[in-house]
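The structure appears right after this line, and notes come after that.
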Amino acid sequence: MEVIAQQIRKEFIRAGSQTNIFTAVAPCDFLIPAGQVTMIHGRSGSGKSTMLNLLAGILHPTEGKVFYDGADLYAMKDEELSGFRNRHIGYVPQGRSAVFSLNVLENVMLPYTLYEEDGRNAARRMLERFGIADLSEVMPDRLSGGELRRMAIARALVRKPEVIFADEPTGDLDDENTEAVLDSLCQLAREGAAVLIVTHEEDAFAYADRIFAMNAGTLSQER
Amino acid sequence: MQIFRKLPLLNILRKPVRSAILLCLTAVLSFTVFGGALMVSSLRSGMTSLKERLGADIMVIPEEAAEKKNLEEIVLQGQTGYFYMEDTVTKAVADVEGTKQVSDQIFLASLAASCCSAKVQLIGFDPETDFTVLPWIRRSCSGQLKKMEVVVGHDIVSDEGDTLTFYGTDCIVAGKLTRTGTSYDHCVFAGADTIRELTMSSIGKNLNQFKEVDPNHVVSCVLVQAEEGIEIDALAERIQASVPGVCAVPTSGMIAGISGNLLGISHIVRIMTAVILILAFLIMMIVFTMLINERKREYALLRVVGVSRVSLRRSVMSEILLICLAGAAAGICAALLVEILFAGALQGTLDMPMLMPGAGSVISYMLSAALTVVAAGILSSFWNVNRVSSGEIGLALRQER
Ligand SMILES: Nc1ncnc2c1ncn2[C@@H]1O[C@H](COP(=O)(O)OP(=O)(O)OP(=O)(O)O)[C@@H](O)[C@H]1O
Ligand SMILES: [Mg+2]
């Protein structure tokens with residue numbers, strides 16, 4: 001599945017006054033092709049996460065449209081869009097993310113079970129791949145930052161989504177786990193997924209097919 | 001079960017302390033609403049029951065007894081006592097214009113001594129003319145009372161077929177009356193001739209205060225039912241004017257004090273319920289706001305993996321409703337338990353008749369208590385639930401990474 005953003009722009013109204021408008025993402029066209037790994041890097045606060053959210057259908061752009069294989073994402077009704085996210089999009093949020101009342105395995109199964117499919121086996125495989133199989137029954141608040149992150153990645157990938165967004169997925173991982181995560185993302189791209197990764201680590205660029213830089217809301221291609 | 005569906009329950013179990021606080025809060029609310037309604041309604045039915053038992057519009061008693069408030073003591077406070085006047089009074093009262101039915105009763109009090117089974121109030125009615133006790137007796141037990149047969153009030157520890165001894169004379173218990181919630185539950189009833197016989201025994205044993213009376217020619221009180229449309233107070237005055245040595249007490253006046261108390265208590269209960277409702281509502285609002293804000297990022301995450309706005313709202317609401325329903329149930333059970341265990345003590349403390357209302361009313365009070373709690377839960381969280389479920393996911397996700 002291919003993602004195309006057309007002239008998307010995002011503005012935020014900053015503290016207090018309605019006139020203090022801040023452009024987090026300047027108008028741009030952007031394509032995430034299927035079967036490739038695209039990376040965005042840039043300074044903190046440059047608008048990378050905002051861009052990712054716009055593309056993933058969880059932040060309405062001030063202007064512009066996002067198409068998934070021609071389907072206008074933000075024209076969908078909430079019910080439809082939620083189902084679409086569940087089936088087609090894997091999203092690894094920046095920072096820690098867990099449903100704290102569920103154990104690790106249940107957290108990873110969650111996207112599957114939402115729509116009445118049992119993803120237990122798929123979830124177990126994911127946990128194994130990221131080296132946290134022995135933590136299945138553990139509650140998330142007992143996990144280290146890196147373990148939580150791997151759980152979040154496992155959850156994003158468990159349904160083999162066709163489009164994957166990962167916001168600094170290797171931020172708190174050691175080299176070995178970084179490699180495992182990036183390998184998995186690449187493999188999914190090889191299998192046809194469109195993969196977009198936000199990262200700070202230059203080592204990761206080796207895995208990228210294309211690299212973009214984000215600078216104060218403006219996107220520019222580097223490779 | 002599907003993981004997302006059991007999430008509300010898991011969330012509750014995961015935060016046991018907070019859940020317990022919320023449970024207590026909602027329980028207190030339902031306890032107050034249900035318990036208060038039950039209490040006011042019990043008092044109200046007690047009052048109705050007392051009116052029904054009194055049955056008469058006016059009670060005519062000897063002047064001295066009226067001065068000493070003997071009748072009120074017996075009827076309202078459940079003490080024992082007796083007093084006499086000539087039985088010609090009955091005829092004289094019946095002759096007063098405006099009386100429709102007239103029936104006399106004779107009282108006797110037994111003693112807590114070896115001669116008697118228990119210290120109780122004995123009331124003898126005239127089976128020929130009675131219009132207050134007999135209808136009640138017929139409702140509780142069938143058949144006619146033979147001589148030396150008595151029926152006992154609900155709270156007297158004797159059953160049909162038992163023998164009770166008063167002043168050395170044995171009586172057979174022919175039946176037990178239904179509960180009224182009034183002092184009549186501690187009385188023993190019999191035909192006037194039986195009571196006269198017992199009075200004789202008491203005099204014979206030198207245990208009667210009135211040594212000189214001839215039990216066969218005295219009565220203790222004359223019950224009067226007024227004709228339709230007759231003003232009760234005026235009739236009472238007329239009786240008092242035309243029959244010497246008696247006092248005619250309108251029964252409505254006797255229970256006026258009780259209805260005043262009842263009004264006061266209903267007021268207090270109503271105010272208390274309102275205060276607790278407002279307090280509980282505010283606390284619930286704070287706690288639910290905290291609960292929801294704390295989980296904002298978690299909710300956003302659920303939305304990211306594909307939970308729709310509607311499903312999320314349903315899930316959060318379910319959690320709140322679960323707590324409310326559990327709390328409501330706990331509060332109702334507690335109130336029922338208190339009612340069952342302490343109704344007697346409460347009745348004693350308030351010194352008012354109390355009678356549990358019928359199952360239908362009790363159930364309707366339960367439902368309205370549960371409904372109040374659920375409504376408070378929904379109203380106090382509605383805005384927050386709405387805000388969090390329809391907010392922009394990308395923004396909520398930024399919180400507390
Ligand atoms: N809701 C908002 N209201 C106002 N400003 C916002 C809002 N969300 C983001 N911003 C601003 O938009 C800019 C871009 O934020 P964004 O999170 O996209 O940066 P980022 O490139 O992901 O940074 P980092 O590498 O630190 O994660 C920041 O300057 C931020 O302050
Ligand atoms: Mg970011």
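- The cationic group of Arg14(A) lies under 6.0 Å from the six-membered ring centre of Phe22(A) and within 45° of the ring axis, placing it in a cation-pi geometry.
- Neither the backbone nor the side chain of Arg295(B) comes within contact range of chain A; no heavy atoms are under 4.5 Å apart.
- Of all the listed residues (Leu102(A), Ile89(A), Leu52(A)), the one sharing the greatest number of non-hydrogen pairs under 4.5 Å with chain B is Leu102(A).
- For Ala98(A), the part sitting under 4.5 Å from any heavy atom of chain B is the backbone (N, CA, C, O) and nothing else.
- For an aromatic pair to be called close, the ring centres must be under 6.0 Å apart, and His88(A) with Tyr68(A) fails this.
- In terms of heavy atoms, Glu11(A) sits closest to Thr62(A) at N-OG1, 2.8 Å.
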Practice problem: Carefully, step by step, assess Arg303(B) and Glu298(B) under the rule salt bridge (charged side-chain N to carboxylate O under 4.0 Å, His left out). | Solution: CA-CA 9 Å; Arg303(B) 296 272 285 128; Glu298(B) 210 169 294; over 6 Å; no
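- For Lys10(A), the part sitting under 4.5 Å from any heavy atom of chain B is the side chain, from C-beta outward, and nothing else.
- With a 4.5 angstrom heavy-atom cutoff, Arg87(A) does not touch chain B via any of its atoms.
- Cation-pi geometry between Arg85(A) and Tyr91(A) is not satisfied (NZ or CZ under 6.0 Å from the ring centre, within 45° of the ring normal).
- The greatest number of non-hydrogen atom pairs below 4.5 Å with chain B, out of Glu80(A), Met139(A), Arg155(A), Met109(A), is found for Arg155(A).
- Using a cut-off of 4.0 Å between Lys/Arg side-chain N and Asp/Glu carboxylate O, Arg14(B) and Asp141(A) are scored as salt-bridged.
- Both the backbone and the side chain of Phe100(A) come within contact range of chain B, with heavy atoms under 4.5 Å apart.
- For the set Leu81(A), Leu110(A), Ile58(A), Leu54(A), the count of heavy-atom pairs under 4.5 angstrom toward chain B peaks at Ile58(A).
- Ranked by heavy-atom pairs under 4.5 Å with chain A, the first of Leu13(B), Leu7(B), Val310(B), Val304(B) is Val304(B).
- Contact of Asn103(A) with chain B is not made at all, since no heavy-atom distance falls under 4.5 Å.
- Comment: Glu294(B) engages Lys15(B) in a salt bridge, judged by a side-chain N to carboxylate O separation of less than 4.0 angstrom.
- Taking 4.0 Å as the cut-off between side-chain N and carboxylate O, Lys48(A) and Asp167(A) do not count as a salt-bridged pair.
- Interface summary for chain B: among Ala56(A), Pro161(A), Ser97(A), the most heavy-atom pairs under 4.5 angstrom belong to Ser97(A).
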